[in-house]
Student: 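Mind looking over this structure? Questions follow.
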Protein chains: 2
Amino acid sequence: MKRNQTRIGEANREKILDAALSLFSRYGFRGTRTDQIAEAVGMSKPNLLYYFRTKQDLYAAVLERTLFMWLDPLAEIAPGADPKTALTDYITAKLDYSRRYPEHSRLFATEILQGATLLEPTLRNDLGPLVEAVVDRFRRWIDEGRLVAIDPMHLMFMIWATTQHYADFAAQIAILTGRSLDDEDFFATTRDTVLRVILNGVLPKE
Amino acid sequence: MKRNQTRIGEANREKILDAALSLFSRYGFRGTRTDQIAEAVGMSKPNLLYYFRTKQDLYAAVLERTLFMWLDPLAEIAPGADPKTALTDYITAKLDYSRRYPEHSRLFATEILQGATLLEPTLRNDLGPLVEAVVDRFRRWIDEGRLVAIDPMHLMFMIWATTQHYADFAAQIAILTGRSLDDEDFFATTRDTVLRVILNGVLPKE
DNA sequence: GTCTATAAGCGGATAGAC
DNA sequence: GTCTATCCGCTTATAGAC
């Protein structure tokens, strides 16, 4: 049996990836030491490097494993839905990701902030077409008068910015408000406010 | 004369801070090497360390020099203005900062993303009171029926998120659209869209 | 698969001449 | 103020026993 394909090997790989995500998202690639990760998993450093030959390999594996979280909610926008329902569902889903997987969000944010060199192929080849499909739908709604006449790409950016902000800037939000998305009522207020402003902003007045 | 207070010393300090900002914002604190910075300034590494005794000192100096950019536009919201004018001016000013000083924005974003340990005192003591004053003004407008009844703190976050996004996620935006705020017409479209959605979202319908 | 011990080299900081 | 040369700690990665 090949390396890492045993049951115990697979379990260890997962544990390593979990710990690595947590540390990489907090300290960045260079700021994280491999023995920190090893210690977090309760494993010796050489043993860790038995599973992932280099720190780079481990980092790439962490990124890859979290990629679908970046792409998933986009693909879930129901094609037949009306604008209000579709936008409500998408914004709610994105905010929910910010609550459930803030470390994933921060890992991607750090990567993009630093130039997205590792992510560029994925963003271009995988995210690009998905975004285009959604933007096309926005554009059709605009043509049909079901959304106000704004640039659909910027609507996409605004949704990403407002929802991911609560994961990426959680430290600042905690300092200023003492709250986080983990507080149920803070989450509800956030969702209601973001939804209200954006829907109010893009749906035509009756 | 004390060190660094001569004309040439002051000029060198500025050149170092400029290069350091550029590199720290791109690679983070740990990802940046001091000899990289020295080379960018055309100076030997020991000479660089003559001006800033440690890498930490240099980093702190860079952060401090850029702090007013974080706080400045907030303080400029004219107290007497009506909501529409005040929000328009503030959003436009923030977007202009994202265009003119994207590296500053990314430096702060990286700091906050990684837990804001260095920035926490500043955010709490300097940003906090400024934000509170602005949020109070939002709240009064809401009470007077000049803004719709949303949580004013979240309005603040939404403005920060949407405007800073164009600096912090510039790499992703470039990959998806091929554009940046440096393109005059892209900047105009961005400003118009953000303004339209947010103003439309928070101003009461006539 | 897991460990102890160690190699290898990077990178921040210093010594000391000019 | 600026340089060359160098130190030394820290961190990744490997060797090799179990």
Side-chain angles (χ1 to χ4, degrees), chain A residues 1-64 107 110-111 114 117-118, chain B residues 1-64 107 110-111 114 117-118:
Chain A
M1 219 169 200
K2 275 186 68 184
R3 184 170 69 192
N4 302 331
Q5 306 225 343
T6 66
R7 242 169 309 141
I8 197 168
E10 207 37 63
N12 273 341
R13 278 180 72 89
E14 288 300 317
K15 280 202 307 183
I16 292 170
L17 287 168
D18 288 342
L21 165 62
S22 174
L23 289 162
F24 281 140
S25 71
R26 208 163 343 152
Y27 304 112
F29 176 71
R30 303 244 344 210
T32 303
R33 291 186 304 268
T34 49
D35 54 355
Q36 256 185 304
I37 303 173
E39 196 193 343
V41 202
M43 188 182 269
S44 72
K45 193 170 31 164
N47 197 17
L48 175 86
L49 290 168
Y50 166 80
Y51 288 97
F52 297 91
R53 302 245 326 283
T54 70
K55 187 184 176 182
Q56 276 266 8
D57 288 348
L58 174 54
Y59 187 72
V62 170
L63 258 188
E64 195 193 356
L107 188 73
T110 303
E111 273 301 302
Q114 302 197 350
T117 41
L118 262 175
Chain B
M1 221 168 196
K2 274 185 69 183
R3 184 170 69 193
N4 302 333
Q5 306 224 340
T6 66
R7 241 169 310 141
I8 198 166
E10 207 36 64
N12 274 340
R13 279 180 74 89
E14 288 301 317
K15 279 203 307 185
I16 293 169
L17 287 168
D18 288 342
L21 165 62
S22 174
L23 289 162
F24 281 140
S25 70
R26 210 165 337 156
Y27 303 112
F29 176 71
R30 302 241 350 208
T32 303
R33 294 187 300 271
T34 50
D35 52 358
Q36 256 184 307
I37 303 172
E39 197 194 341
V41 200
M43 188 181 267
S44 71
K45 192 167 39 163
N47 196 17
L48 175 85
L49 291 168
Y50 166 80
Y51 287 96
F52 297 91
R53 300 245 327 283
T54 71
K55 188 185 177 182
Q56 277 265 10
D57 288 347
L58 173 54
Y59 187 72
V62 170
L63 258 187
E64 196 194 355
L107 187 74
T110 304
E111 272 300 303
Q114 302 199 350
T117 42
L118 261 174

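Proteins come first, then strands; the chains are lettered A, B, ... in the order of their sequence lines, and each starts at number 1. These numbers come from a predicted model, not from an experiment.
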Student: Please confirm whether the shortest side-chain N or O distance from A:Ser44 to OP1 or OP2 of C:dT2 is below 4.0 Å.
Tutor: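 No.
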
Student: Give, for atom CD1 of A:Ile37 and atom NZ of A:Lys55, the distance between the pair rounded to the nearest 0.5 Å.
Tutor: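 It comes to 7.0 Å.
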
Student: In this structure, how many angstroms lie between the P atom of C:dC10 and the CD atom of B:Gln36, rounded?
Tutor: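 To the nearest whole Å, that distance equals 14 Å.
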
Student: Whole Å only: how far is the OH atom of A:Tyr50 from the C1' atom of C:dT4?
Tutor: 18 Å

Student: With respect to the phosphate group of C:dG11, does any side-chain polar atom (N or O) of B:Thr34 fall under 4.0 Å of OP1 or OP2?
Tutor: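 Checking C:dG11 against B:Thr34, no side-chain N or O comes under 4.0 Å of OP1 or OP2.
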
Student: Evaluate the criterion side-chain contact (heavy atoms from CB on, under 4.5 Å) for residue pair B:Leu17 and B:Phe52; output intermediate values, then yes/no.
Tutor: CA-CA 10 Å; B:Leu17 287 168; B:Phe52 297 91; 4.0 Å; yes

Student: Rounded to the nearest angstrom, tell me the gap between atom CG in B:Leu49 and atom P in D:dA5.
Tutor: 18 Å

Student: Whole angstrom is fine here: how far is it from CZ in B:Arg33 over to C1' in D:dT11?
Tutor: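 Spelled out: CZ on B:Arg33 to C1' on D:dT11 is 15 Å.
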
Student: Of all the nucleotides listed (D:dA13, C:dA5, C:dA13), which has the minimum atom distance to the side chain of A:Thr54?
Tutor: D:dA13

Student: If I take atom CZ from residue A:Arg30 and atom OH from residue B:Tyr27, how far apart are they, to the nearest 0.5 angstrom?
Tutor: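 Atom-to-atom, A:Arg30:CZ and B:Tyr27:OH are 11.0 Å apart.
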
Student: Between A:Arg30 and B:Asn47, just flag the one whose closest nucleotide in DNA chain D comes earlier from the 5' side.
Tutor: B:Asn47

Student: Is B:Lys45 side chain donor-acceptor paired with the C:dG12 base, going by distance under 3.5 Å alone?
Tutor: yes

Student: Have B:Tyr59 and B:Glu64 got a donor and an acceptor in their side chains that come within less than 3.5 Å?
Tutor: no

Student: Quick one: A:Ile37 CD1 to D:dA13 P, roughly how many Å, whole number?
Tutor: 11 Å

Student: Taking atom C1' of D:dT14 as reference, at what distance in whole Å does atom CG of A:Asp57 sit?
Tutor: 15 Å

Student: Starting from the 5' end of DNA chain C, give me the residue, A:Gly42 or B:Thr32, whose nearest nucleotide shows up first.
Tutor: A:Gly42

Student: Can you tell me if B:Glu39 has over 12 outside heavy atoms packed within less than 6.0 Å of its CD?
Tutor: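 Count not over threshold, so no.
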
Student: Atom CZ of A:Phe52 and atom P of C:dG1: how far apart are they, to the nearest Å?
Tutor: 13 Å

Student: Take the protein atom CG of B:Leu48 and the nucleotide atom P of C:dT14, then report the distance between them rounded to whole Å.
Tutor: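 Between P of C:dT14 and CG of B:Leu48: 13 Å.
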
Student: Please determine, for the side chain of B:Pro46, which listed nucleotide (C:dA5, D:dC3, D:dT2) has the closest atom?
Tutor: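 Out of C:dA5, D:dC3, D:dT2, the nucleotide with an atom closest to B:Pro46's side chain is D:dC3.
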
